[in-house]
Structure formats: structure tokens, C-alpha cells
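Scroll down for the structure; my scribbles are underneath it.
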Amino acid sequence: VRRRGQQLPPSKPVDPIEAAATFYGGYASKMQLLIPEKEALHTLVACRLAISFTYGMYSYSQDPTNEYLLQHATPAYEALCLWLSVPEDEMMQRMANKMVANAYR
């Protein structure tokens, strides 16, 4: 039990690509994606991140005093850049590896 004023221990850094692969592996261990869904997945994730960034920046442009809006837009942009830096075939292989790992749990 944490007491008032007590600091949380430092957390381990999380690799967002590894987190996405783990999420996919868990999902796919229960419900398989169809081949067309798998083929579109990399692009759809990028689209979702781009929408989050765009909507956040648009909202911020409408109210530049609300810096809270940047708390979502900035990480979305960073995640989008990271996501696009990993080739699609490598991403799908990492996800497939997580799906296999989850099958043995």
C-alpha cells in the first residue's frame, strides 16, 4: 500500500513497438485476423496515430492556451514516426513471434 507522499519506484522503459507486438500477439491468440486485415494493419495503425496527432494539433490551434491538448498530440506524432521507422514486414514478423509466444502460455 502506498502512503500519501510516497514516491512510486521508477518504471522500466517500455518499447512501444514491443508493446504493440505483445498486444497483437495476445489478441491474435484468441481471435485470428484475416489475411486482408493483417495486410492492412500496419497502415491502419499509422492512420490512427496520424488522426490522433492531427486532431490534437487542430484542437490546440483553436485554443493555444490549452496545453493539455499537446499531451496527446505530441506522443501520437512521436509514436507515428517510430511506427513508420519499422518496415512493415519486420513489424508483422515481430507480431507473429509474439502470437507464437502467447500460444505456449
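A continuous path of Ile, Leu, Val, Met, Phe, Trp and Tyr side chains, each step under 4.5 Å between heavy atoms, connects L33 with V45, placing both in one hydrophobic cluster. A continuous path of Ile, Leu, Val, Met, Phe, Trp and Tyr side chains, each step under 4.5 Å between heavy atoms, connects L49 with M95, placing both in one hydrophobic cluster.
When all heavy atoms are compared, the tightest approach of A28 to Q32 is O-NE2, 2.9 Å. Nearest heavy atom pair, residue L80 against residue A46, reads CD1-O, 3.5 Å.
A heavy-atom distance below 4.5 Å is found between the side chains of M57 and L70.
We find the OG1-CD distance between T43 and E88 to be 5.5 Å, quoted to the nearest 0.5 Å. Rounded to the nearest 0.5 angstrom, M92 CE and Y24 OH are separated by 4.5 Å.
Among residues two or more places apart in sequence or in another chain, the side-chain hydrogen bond (donor to acceptor under 3.5 Å, both in side chains) test is passed with N66 by none. Every residue two or more places apart in sequence or in another chain that forms a salt bridge (charged side-chain N to carboxylate O under 4.0 Å, His left out) with E18 is listed here: R94, K98. Applying the side-chain hydrogen bond (donor to acceptor under 3.5 Å, both in side chains) test to T65 and every residue at least two apart in sequence or in another chain returns D63. With sequence neighbours excluded, the residues that form a side-chain contact (heavy atoms from CB on, under 4.5 Å) with E39 are I35. For L82, the side-chain contact (heavy atoms from CB on, under 4.5 Å) test picks out P16, I17, S85, with sequence neighbours left out.
If you check the side chains of Q93 and N97, you find a donor sitting under 3.5 Å from an acceptor.
Among residue pairs with one or both ends in residues 71-90, those qualifying as ring pair (Phe, Tyr, Trp, His ring centres under 6.0 Å) are H42-W83, F53-Y77, Y68-H72; sequence neighbours excluded. The side-chain hydrogen bond (donor to acceptor under 3.5 Å, both in side chains) pairs that include a residue from residues 50-62 are R48-S52, where partners are two or more places apart or lie in different chains.
In the hydrophobic clustering, L34 connects to no other residue, as no ILVMFWY side-chain heavy atoms lie under 4.5 Å from its own.
With hydrogens and angles disregarded, a donor-acceptor distance shorter than 3.5 Å links the side chain of S29 to the backbone of G26.
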